[in-house]
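Presented below is the structure to which this report refers.
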Amino acid sequence: QVQLVESGGGLVQAGGPLTLSCAASGRTFSTNAMAWFRQAPGKEREFVAGISSSGGLTTYADSVKGRFTTSRDNAKNTVYLQMNSLKPEDTRVYYCAARASPYLGTGRGDYSYWGQGTQVTVSS
């Protein structure tokens, strides 16, 4: 069982940066691929970024490519999402997710464990 807790959300002005963190419990973190998803009210939860268990591979949604960077520290059981050049349309609840596999996935169904989410609001 993996428990995930996101932090770092908040209100930021357009163009500004924000970094989210996701702390994981359990002994398997270094074998779990991790991902970030986001969701707006009444919308589907969408993939944002993913990172393999070793951190050697990452992938991003086209909408955030070049602006967001995900990384992980396996010694700290933590994954990060650094967000730059934020836009009002990035306003969503952001979720951290863990996969019971070391390999990247981009589908919601690829991930078995989810955090509670953290709100990111970008003002124009």
Side-chain angles (χ1 to χ4, degrees):
Q1 188 75 9
V2 177
Q3 292 184 324
L4 304 171
V5 179
E6 301 99 336
S7 60
L11 175 64
V12 62
Q13 287 190 333
L18 197 65
T19 299
L20 305 182
S21 299
C22 173
S25 66
R27 300 180 180 180
T28 65
F29 181 76
S30 63
T31 66
N32 300 125
M34 301 294 294
W36 293 92
F37 287 74
R38 64 185 185 182
Q39 188 171 20
K43 302 291 187 181
E44 291 288 318
R45 192 170 297 186
E46 62 179 5
F47 175 83
V48 176
I51 187 166
S52 62
S53 59
S54 67
L57 291 176
T58 56
T59 191
Y60 299 91
D62 288 344
S63 58
V64 305
K65 201 171 292 183
R67 299 189 297 123
F68 290 11
T69 302
T70 189
S71 61
R72 64 191 295 161
D73 185 338
N74 285 349
K76 295 182 178 180
N77 278 20
T78 302
V79 64
Y80 305 96
L81 183 67
Q82 182 177 346
M83 304 183 290
N84 295 318
S85 302
L86 282 161
K87 305 174 181 180
E89 51 264 43
D90 293 319
T91 296
R92 301 278 197 280
V93 176
Y94 283 72
Y95 296 90
C96 172
R99 191 180 190 193
S101 164
Y103 305 112
L104 281 172
T106 60
R108 184 175 176 178
D110 292 333
Y111 293 86
S112 302
Y113 306 102
W114 295 84
Q116 82 289 351
T118 187
Q119 176 70 46
V120 172
T121 303
V122 184
S123 62
S124 57

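The figures that follow rest on heavy atoms only: side chains count, while hydrogens, waters and symmetry mates do not. Predicted, not measured: the structure shown is a model, and the values here were computed from it.
Under a 3.5 Å cut-off, the side chain of Ser52 and the backbone N or O of Leu57 do form a donor-acceptor pair. Remark: the backbone N or O of Cys96 is paired with a side-chain donor or acceptor of Glu6 at under 3.5 angstrom.
Residues Arg38 and Val120 have side chains not in contact (no heavy-atom distance under 4.5 Å, counting atoms from C-beta outward). Side-chain contact between Arg45 and Trp114 is present, with at least one heavy-atom pair separated by less than 4.5 Å. Two residues are said to be in side-chain contact when any heavy atoms from C-beta on lie closer than 4.5 Å; Pro17 and Asn84 meet this criterion. Counting only heavy atoms from C-beta outward, the side chains of Val79 and Thr70 approach each other to under 4.5 Å. You'll find the side chain of Arg92 stays beyond 4.5 Å of the side chain of Val122, heavy atoms only.
Distance CZ/Arg72 to OG/Ser21: 13.5 Å, rounded to 0.5 Å. Residue Arg99 holds its CZ atom at 10.5 Å from CG of Asn32, rounded to the nearest 0.5 Å. Separating the CD atom in Gln3 from the CG atom in Asn77 is a distance of 12.5 Å, to the nearest 0.5 Å. Leu86 contributes atom CG, which lies 13.0 Å from atom OG of Ser124 (distance to the nearest 0.5 angstrom). The CG atom of Asn74 sits 8.0 Å away from the OG atom of Ser54 when rounded to the nearest 0.5 Å. Annotation: the span from Tyr94 atom OH to Thr118 atom OG1 amounts to 10.5 Å, rounded to 0.5 Å.
Connection of Val48 to Tyr111 is not established within any shared hydrophobic cluster, with ILVMFWY side chains joined at heavy-atom distances below 4.5 Å, either directly or through further cluster members. Taking hydrophobic clusters as Ile, Leu, Val, Met, Phe, Trp and Tyr residues chained together by side-chain heavy-atom distances below 4.5 Å, Met83 does not share a cluster with Tyr80. Residues Trp36 and Val12 are members of one and the same hydrophobic cluster, defined by side-chain heavy-atom contacts under 4.5 angstrom among Ile, Leu, Val, Met, Phe, Trp and Tyr. Tracing side-chain contacts under 4.5 Å through hydrophobic residues (I, L, V, M, F, W, Y), one reaches Tyr60 starting from Leu18; they form part of the same cluster. The hydrophobic cluster containing Leu81 does not contain Val93, counting ILVMFWY residues as joined when their side-chain heavy atoms lie under 4.5 angstrom apart, directly or transitively.
In terms of heavy atoms, Ala98 sits closest to Val2 at CB-CG1, 4.3 Å. Here the closest heavy-atom approach between residue Ser85 and residue Arg67 is recorded as O-NH1, 3.0 Å. Of all the heavy atoms in Ala24 and Leu4, the pair that sits closest is CB-CD2, 3.5 Å.
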Practice prompt. Could you walk me through whether Cys22 and Thr78 pass side chain to side chain contact (heavy atoms under 4.5 Å, CB included), step by step?
Written response: CA-CA 5 Å; Cys22 173; Thr78 302; 5.7 Å; no
Discussion item. Let's go through Asp90 and Lys87 carefully: what are the C-alpha distance in whole Å and the side-chain angles of both, what is the deciding distance for salt bridge (Lys or Arg N to Asp or Glu O under 4.0 Å) to 0.1 Å, and is it a yes or a no?
Written reply: CA-CA 5 Å; Asp90 293 319; Lys87 305 174 181 180; over 6 Å; no
Fill in: Derivation of the side chain to side chain contact (heavy atoms under 4.5 Å, CB included) call for Leu104 and Thr106
CA-CA 7 Å; Leu104 281 172; Thr106 60; over 6 Å; no
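Below 30°, between 30° and 60°, or above 60°: for Phe47 and Phe37 the angle between ring planes is above 60°, a perpendicular geometry.
Lys65 NZ: more than 12 foreign heavy atoms inside a 6.0 Å radius.
Both tests do not hold together for Arg108 against Tyr95: distance to the six-membered ring centre under 6.0 Å, angle to the ring axis within 45°.
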